[in-house]
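Taking it in order: structure first as structure tokens, then the write-up.
These values consider heavy atoms only, across backbone and side chains, with no hydrogens, waters or symmetry-generated copies. In what follows, chains carry the letters A, B, and so on, assigned in the order in which the sequence lines appear, proteins first and then strands, with residues in each chain numbered from 1.
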Protein chains: 2
Amino acid sequence: MHNLTRKQQEILDFLLNNQACFPHPPTLEELCAAMGLKSRGSMHHQIKALIDAQLVEPPERKQRGIRLSQQAKDWAADPQSAGGLPFVGSIAAGRPIEAIENISYLAIPEQIKTDKPCYVLKVKGDSMCEEGILDGDWVVIEQRSHARNGEIVVALIDKAEATLKFIEQYPHETLLIPANSKMQALRYQPQQVEIQGVLVGQMRSYIHRTPNPGGFAPSADAGRPGD
Amino acid sequence: MHNLTRKQQEILDFLLNNQACFPHPPTLEELCAAMGLKSRGSMHHQIKALIDAQLVEPPERKQRGIRLSQQAKDWAADPQSAGGLPFVGSIAAGRPIEAIENISYLAIPEQIKTDKPCYVLKVKGDSMCEEGILDGDWVVIEQRSHARNGEIVVALIDKAEATLKFIEQYPHETLLIPANSKMQALRYQPQQVEIQGVLVGQMRSYIHRTPNPGGFAPSADAGRPGD
DNA sequence: CAAGATTAGAACAACAATAGAACAAAAAAA
DNA sequence: TTTTTTTGTTCTATTGTTGTTCTAATCTTG
């Protein structure tokens, strides 16, 4: 996350500190003037880096000036949560993602996330239990809109329901496959299924967990030698 | 671990104490000026040692200034237990814990650890797969020598083999119960089993994971309609 | 003294930052 | 509408900065 050069940091700090000074988002030229540069191209080079770092909104070929991303503003408001990933809500098969009100940030170890933008969801339900993803687990999702077959994705179905499943995409249908032998794979038209991210990490707390959850209670007599 | 020379310690202290003074991470030259050296090369010689000691981020030929590693910052915040947890090795059922040479420290989220001393192990084997603990997962273990029935523990058997299992302790025997229906519970005399810690957290990376691991591959024909 | 630590200084390669030109899309003006 | 201006984008060449390596000299410590 902190792979900014010193100049990029300087520009970012400038944008954060002088946010109020500009009535409208500044253009490249205005920024050049404000920071003493003579070439728009040079400034763009720096801004591009900030866009890649998700700190400035990508303008998508419109001309509306340089605007800081929400992430950058959050980061300024709460430097503590720097590097943390947003915990955006919980996902239960068959419902929209249940967003939480106060977005909090979790410090996620490098090992279970990627360089790209990620977010965290809490899992509800057992549709992936045979993959070791249980009710109450956190999952780290890399934000992207495409996936390879066999990956586990957050899929939005008919723009209404969100679910965490294995995905298999074929020309004329998309399969969403649970990891629970009691459940069936779901068939959809490709255009019904919108990928919202791909699973890159998972974690679980055993601190407030009931000893034997999830229907996988280890029955003591399973293989228990007779006396 | 800390085989630093005097000068190296001095520079490290300087970096720790003056962290706030530098708006951006200092360059070698700035550090020279701040500490009264005249040669970048000399400063680099010292910084190199700190990089080797994992106390300064390796810049990988980028130019983003001298930045302390997370480990160094944690160490400063709490010299006793350095924020991150020690990753001490891997545990496979039926073998001693396989210690690794260079103990590294992982930053573990608050949510999956406790206030008490913890350490991290990598899991090998599928003996707990039905509890959602798969081969290759990391587990966070709270260091203690007793457990309640139904907790998952790191148990040392006959002072030789280590294993991760559910525990059930009775006056005259101790059961170590896997979460894998293909495996059997193990019976021991209480004095044969030494508890080395209790599971408090777990995490998993899907980044370098083969799509369908662990014998729980989602068979695409489970519920898949015929074409 | 001898070994190791520290330093200055030069030289180098990789990277970063810049200006400037040219282009395309959007917005504004005619 | 058409024309003009603004704005973001891309590209190249140039310059400056930074980390790195090396050598030799100096300092410290047992």
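Evaluation of atom-type donor-acceptor distances gives a pair under 3.5 Å for the side chain of A:Ser42 against the base of C:dA19. Side-chain to base pairing of B:Arg40 with D:dG19: one donor and one acceptor N or O lie within less than 3.5 Å of each other.
Atom CD of A:Glu10 and atom C1' of C:dA17 are 11 Å apart (whole Å). When the C1' atom of C:dT6 is taken as reference, atom CD of B:Gln9 falls 16 Å away, rounded to whole Å. Between the NE2 atom of B:His24 and the P atom of C:dA17 there is a distance of 11 Å, given to the nearest Å. Atom NZ in A:Lys38 sits about 13 Å away from atom P in D:dG16, given to the nearest Å. Regarding B:Leu28, its CG atom lies at a distance of 15 Å from the P atom of D:dT17, rounded to whole Å. Atom CZ of A:Arg67 is separated from atom P of D:dT7 by 16 Å (rounded to the nearest Å). Residue B:Leu50 contributes atom CG, which lies 13 Å from atom P of D:dT20 at whole-angstrom precision. Between A:Asp52 atom CG and D:dT9 atom P the separation is 11 Å, expressed in whole Å.
Ionic pairing of A:Glu131 and B:Arg204 is not present here: no N-O contact between side-chain nitrogen and carboxylate oxygen is shorter than 4.0 angstrom.
Within the structure, every side-chain polar atom (N or O) of A:His44 is placed at least 4.0 Å from both OP1 and OP2 of D:dG8. Within the 4.0 Å cut-off from OP1 or OP2 of C:dA16, not a single side-chain nitrogen or oxygen of A:Gln46 is found. The phosphate of C:dT7 has OP1 or OP2 within less than 4.0 Å of a side-chain N or O from B:Lys7.
Contacts of A:Leu37 with the nucleic acid, taken as non-hydrogen atoms under 4.0 Å apart, involve only primed sugar atoms and P, OP1 or OP2.
Side chain of B:Glu30 to backbone of B:Thr27: a donor-acceptor contact under 3.5 angstrom is found.
Comparing D:dG19, C:dG20, D:dG8 by their nearest atom to the side chain of A:Thr27 picks out D:dG8. Checked against D:dG8, C:dT7, D:dT17, the side chain of B:His45 finds its nearest nucleotide in C:dT7. Checked against D:dT20, C:dA17, D:dT29, the side chain of A:Thr5 finds its nearest nucleotide in C:dA17.
When all heavy atoms of A:Thr174 and A:Pro190 are compared, the closest pair comes out as OG1-CA, 3.4 Å. Annotation for B:Glu142 and B:Val200: closest pair CB-CG1, 3.7 Å, computed over non-hydrogen atoms.
For the pair B:Gly65 and B:Arg6, nearest-nucleotide mapping onto DNA chain D gives the more 5' position to B:Gly65.
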Checking A:Gln202 against A:Trp138 for the side-chain contact (heavy atoms from CB on, under 4.5 Å) test, could you report, in this order, the C-alpha distance in whole Å, the side-chain angles of both residues, the deciding distance, and whether it holds?
CA-CA 6 Å; A:Gln202 173 267 154; A:Trp138 287 280; over 6 Å; no
